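Source: prediction; values computed, not measured. Order of appearance sets the numbers: ligands from 1, and atoms from 1 within every ligand. By convention here, the first residue in the shown sequence is residue 1.
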Amino acid sequence: MRLRCVHCGLELPGSLRASRCPRCRGVLDVVYEEAPGRILAPAGSRPRCAGVWRFEEALPPIPRRHRVTLCEGSTPLVRLERLGRELGVPRLYAKLEGLNPTGSFKDRGMAVGVSAARAAGASAVVVASTGNTAASASAYARRAGMTPIVVVPAGGVAAGKLAQALGYGATVVEVEGVFDDALEAVLEVVEEEASLYPLNSFNPWRLEGQKTIAYEVVEELGDAPDWVVVPVGNAGNIAAIWKGFRELLDSGEASRAPRMAGVQAEGAAPLASAWRLGLRRPLWVRRPSTLASAIRIGRPVNWLKAWRAVEESSGTFTSVPDDEIVDAMRALARLEGLLVEPASAAAVAGLRRLAEEGLVGPDDTVVVVLTGHGLKDPDAAASLGAPRLRAGGVEEAKRLLRGLARRA
Ligand code: AN7
């Protein structure tokens with residue numbers, strides 16, 4: 001490879017240092033000695049956007065004309081070497097669900113749920129939400145030509161998620177109270193009002209879309225891992241993922257099933273607190289409280305599905321305090337270049353605990369599901385604490401940079 005100055009034409013050897021033209025300070029362009037024979041894959045072999053519908057055999061048989069997709073799913077599964085070493089779990093992987101079209105795993109479910117809504121003849125959809133469900137339902141409803149209505153706890157939704165719902169033009173109902181109050185309102189009204197199609201995770205069709213996380217993990221790893229660690233709020237996702245793994249075990253495409261670990265925030269831990277005490281049912285939390293607003297939920301509607309998933313898989317529930325959630329968020333960002341929202345970081349904080357307790361061991365292959373993107377909660381990201389310098393002008397900026405260069 002060579003470099004050529006766009007301004008004066010000077011040619012240089014292809015040094016990987018990023019510089020400008022030494023003669024005239026013009027910008028350089030990369031010149032290849034040989035043109036590639038072929039750039040694009042042959043037409044038939046190119047992956048097309050099917051979203052979760054690429055698993056149509058295992059999904060509800062909704063007629064093709066009603067199916068909606070925004071190319072959700074097929075998210076990366078990445079190895080976390082540095083963080084894994086630090087946690088004593090060297091075979092650690094993360095499923096990057098924040099890379100879905102609206103930035104969370106909810107999109108997998110909404111592809112199926114909104115398709116079901118359309119097939120059912122609905123014109124409007126409604127969800128109660130801590131934010132991500134609202135963003136996702138709004139996007140998929142619009143994609144399907146339907147009207148979104150979202151019910152959220154007033155002041156309880158992260159800035160990015162609220163902006164998404166507003167951007168898609170959803171009608172936003174802000175309830176004084178917590179998520180559980182918003183859900184109660186939705187649950188009651190949809191019993192009477194057939195024109196509102198509910199897309200919360202008590203909708204069984206929606207959860208079918210979310211089980212595809214398990215399929216993709218087995219596709220990538222060749223078999224099920226030892227542990228799958230998932231943050232738990234309304235408790236639908238952990239149950240859906242477990243269902244996916246069980247189906248692969250039944251079909252013979254996996255030789256084993258993972259143990260499921262559900263992680264809640266300490267101030268919103270109806271399942272983890274009951275599990276710890278050896279009870280048979282959850283301890284409802286009237287005023288759930290955690291900085292992880294996505295999982296600030298006191299009465300998870302899917303608790304029984306989740307409980308069975310954890311029991312059947314010989315898994316566990318655990319809970320983590322907010323300061324450990326923040327530490328995990330920082331560790332993901334600084335050790336791995338992964339910025340996630342606090343609820344997702346809670347899963348990593350939970351894994352740290354399970355590893356310290358020895359339940360998860362150094363030989364275990366572990367998949368942690370990073371459920372939502374860091375941009376969802378910009379306030380949480382900005383509060384992690386990074387050096388932030390202010391320069392009054394160019395001269396001061398130069399001085400600061402020279403100082404930083406000496407320390408680099
Ligand atoms: C990033 O959006 O409940 O246990 O209303 O947004 O299936 O509820 C979000 C939940 C984990 C918990 N991580 O999943 C909502 C909502 C993120 C989330 C969860 C949520 P579930």
Side-chain angles (χ1 to χ4, degrees), residues 75 95-100 102-110 113 126-139 150-153 156-158 160-162 164-165 170 172 175 178-183 186 198-204 206-207 209-211 213 229-243 260-265 268-272 282 288 290-307 309-310 317 325 329 339-350 368-377 380:
T75 56
K95 186 78 170 143
L96 305 187
E97 289 298 292
L99 297 187
N100 275 297
T102 77
S104 84
F105 70 96
K106 305 282 181 184
D107 293 339
R108 297 176 183 270
M110 288 302 164
V126 64
V127 291
S129 179
T130 57
N132 280 326
T133 296
S136 185
S138 300
V150 307
V151 189
V152 299
V157 174
K161 305 173 190 181
L162 190 58
Q164 285 180 292
V172 179
V175 187
V178 294
F179 166 83
D180 306 281
D181 301 305
L183 183 59
V186 168
L199 283 170
N200 277 105
S201 54
F202 68 85
N203 180 322
R206 195 193 109 186
L207 284 182
Q210 289 174 208
K211 73 188 181 185
I213 290 175
V229 187
V230 190
V232 170
N234 222 8
N237 202 36
I238 190 170
I241 296 173
W242 170 244
K243 183 173 182 182
M260 303 297 297
V263 183
Q264 298 196 292
L271 292 165
T290 165
L291 93 139
S293 58
I295 52 173
R296 193 183 291 149
I297 294 174
R299 282 177 279 147
V301 69
N302 287 300
W303 74 267
L304 185 57
K305 277 188 180 178
W307 197 271
V310 166
F317 286 107
I325 293 176
M329 196 174 161
L339 190 64
V340 301
E341 65 168 285
S344 311
V348 170
V368 59
V369 183
L370 297 180
T371 47
H373 201 285
L375 287 173
K376 293 283 193 170
D377 195 339

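Regarding atom 14 (O) of ligand 1, its nearest protein heavy-atom neighbour is Phe105 CZ, 3.5 Å. Nearest non-hydrogen protein atom to atom 5 (O) of ligand 1 is Thr130 N, 2.8 Å. Given atom 12 (C) of ligand 1, the protein heavy atom at minimum distance is Gly233 N, 3.4 Å. Scanning all protein heavy atoms for the shortest distance to atom 19 (C) of ligand 1 gives Ile295 CG2, 3.7 Å. At the shortest separation from atom 8 (O) of ligand 1 among protein heavy atoms lies Asn234 N, 2.7 Å. Annotation: atom 18 (C) of ligand 1 to nearest protein heavy atom, Ala294 CB, 3.5 Å. Counting only heavy atoms of the protein, atom 9 (C) of ligand 1 lies nearest to Lys106 NZ, 3.0 Å. Protein heavy atom in closest approach to atom 2 (O) of ligand 1: Thr133 N, 2.7 Å.
How far CG of Asn302 is from CG of Asn237: 10.0 Å, rounded to the nearest 0.5 Å. Rounded to the nearest 0.5 Å, atoms OG (Ser138) and NZ (Lys161) are 13.5 Å apart.
Using a 4.0 angstrom heavy-atom cutoff, Ile297 counts as in contact with ligand 1.
Heavy atoms of Glu341 found under 4.0 angstrom from ligand 1 belong exclusively to the side chain.
Note: no N/O pair closer than 3.5 Å links Phe179 and ligand 1 by distance alone.
Nearest to atom 17 (C) of ligand 1 by heavy-atom distance, out of Asp377, Thr371, Ile241, Val263, is Thr371. Nearest to atom 6 (O) of ligand 1 by heavy atom, out of Val127, Asn237, Asn132, is Asn132.
No side-chain heavy atom of Asn200 sits less than 4.5 Å from a side-chain heavy atom of Val301. Looking at heavy atoms from C-beta onward, Val310 lies in side-chain contact with Ile238 at the 4.5 angstrom threshold.
Formation of a donor-acceptor pair under 3.5 Å by the Ser344 side chain with backbone atoms of Leu370 is not found in this model.
Each of Val126, Asn132, Thr133 was scored for a side-chain contact (heavy atoms from CB on, under 4.5 Å) with Ser129, with one residue passing: Thr133.
Salt bridge annotation for Lys106-Glu97: absent, with no cationic side-chain nitrogen under 4.0 angstrom from a carboxylate oxygen.
Between the side chains of Thr75 and Lys95, at least one donor N or O sits under 3.5 Å from an acceptor N or O.
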